[in-house]
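Below: the structure, in structure tokens.
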Amino acid sequence: MRQKIRWGILATGDIARQFAEDLRTLEDAELVAVGSRSQESADVFADKHNIPRRHASYQSLAEDPDIDIIYVATPHTLHKENAILCLESGKHVLCEKPLAINAHDAEMMIGCARERKLFLMEAVWTRFFPLMQEIRRLISENVIGQPKILTADFGCKADFNPQSRIFDPKMAGGALLDIGIYTLSLSSMIFGEPSQVMSMAHLGETGVDERSGILLQFPGNEMSVLYSTNRSNTPNEAVISGNCGQIKIHSQWWRPTKATLSLDGQDGSPLEMPCDDAYGYKYEAEEVMKCIREGKTECEIMPLDETLSVLKTMDTIRKQWNLRYPME
């Protein structure tokens, strides 16, 4: 039995709950502590998930000597502050996406981690599903030839509430940072950094993006056509087209379990790799623990330079929309 990696969770919201439940399925992971802004919230979360150590502040959690790595699950605008707090306390960090609200803040976080030789990764969970790993293999082995075009969407209908983080500009709300990042990360995984970015968006009543279309071109003339919205349900599918075939990732592509491989002149072949736990966060947690045991400070599947590249692209996109958050 490998030595267990001791986890702490910073925040007690819904995504923290889901991560905690999935972490419990891993025998070599030990969830030892949770931190909240109040003792009551920490106690309620800890009682529900059988967590022995309960901290009434994020500072106290970060300073807990019995933690190896902290999962940061706070809203977007707090990621930089919370992650740096943990890194400066000597803890490895898995930070929920987006790593930061812009590239400048991400550079500060990355610099802090690299200076201290600590592990840091943006929690883009989609990358780590077994099916996505198989798709990466198929692409790397040129099974569909050279990928040339990606189309991908992420749309879900949220009831309008100007006080919710989804629509509040003070919380860096909008579809781009919340769900559009998935399409951009998929594009980055396949093609790398774009050479040209064109986009348009509808900014809603509160001033944040509610739907957008993005067209990316790459040095080899590959293209990505992406769209996202938090006001409508969309197909939630992705299609990677090469010069001799395509891979269609079926809904919900960002939690991938089913795809179809179609080679030119042949019938499509199904690819199915069901998620064997409740949510799917365990796959990224497994990879993070593997990296830590091997002494790595970055993950090759989700490297920090790529995270930074995607954030720079999002900065460019928001500049085209004249969208700045109040804290910038």
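Between W125 and Y279, the ring centre distance reaches or exceeds 6.0 Å.
More than 12 non-hydrogen atoms from other residues, nucleotides or ligands lie less than 6.0 angstrom from CG of N233. Counting heavy atoms of neighbouring residues, nucleotides and ligands inside a 6.0 Å radius, atom CZ of R293 exceeds 12 of them. Around the CD atom of E40, the shell of radius 6.0 Å holds no more than 12 heavy atoms that belong to other residues, nucleotides or ligands. At most 12 heavy atoms of other shown residues, nucleotides or ligands fall within 6.0 angstrom of atom CE in M200. Shown here is I149, whose CD1 atom has no more than 12 heavy atoms of other residues, nucleotides or ligands within 6.0 Å.
H202 and S212 share no side-chain donor-acceptor pair at under 3.5 Å. No side-chain donor from either of Q217 and S195 sits under 3.5 Å from a side-chain acceptor of the other. With 3.5 Å as the limit, one finds a donor-acceptor pair spanning the side chains of E96 and Y71. Side chains of D22 and Q18: no donor on one and acceptor on the other come within 3.5 Å. Side-chain N/O atoms of D168 and Q163 include no donor and acceptor closer than 3.5 Å.
At a threshold of 4.5 Å between non-hydrogen side-chain atoms, the residues W7 and M289 count as touching. Within the 4.5 Å cutoff, the side chain of F19 has heavy atoms near those of the I9 side chain. Between I70 and D64 there is no side-chain heavy-atom pair separated by less than 4.5 Å.
Among the candidates E306, E287, E300, the single residue satisfying the salt bridge (Lys or Arg N to Asp or Glu O under 4.0 Å) test with R127 is E306.
Closest of all the heavy-atom pairs between A11 and V34 is O-CG2, 4.0 Å. The minimum heavy-atom distance linking V288 with F119 is given by the pair CG1-CE2, 3.8 Å.
The hydrophobic cluster containing Y227 does not contain L216, counting ILVMFWY residues as joined when their side-chain heavy atoms lie under 4.5 angstrom apart, directly or transitively. With hydrophobic clusters built from ILVMFWY side chains whose heavy atoms lie under 4.5 angstrom apart, I179 shares a cluster with L176. No continuous path of hydrophobic side-chain contacts links I139 to V225 [ILVMFWY only; heavy atoms under 4.5 Å].
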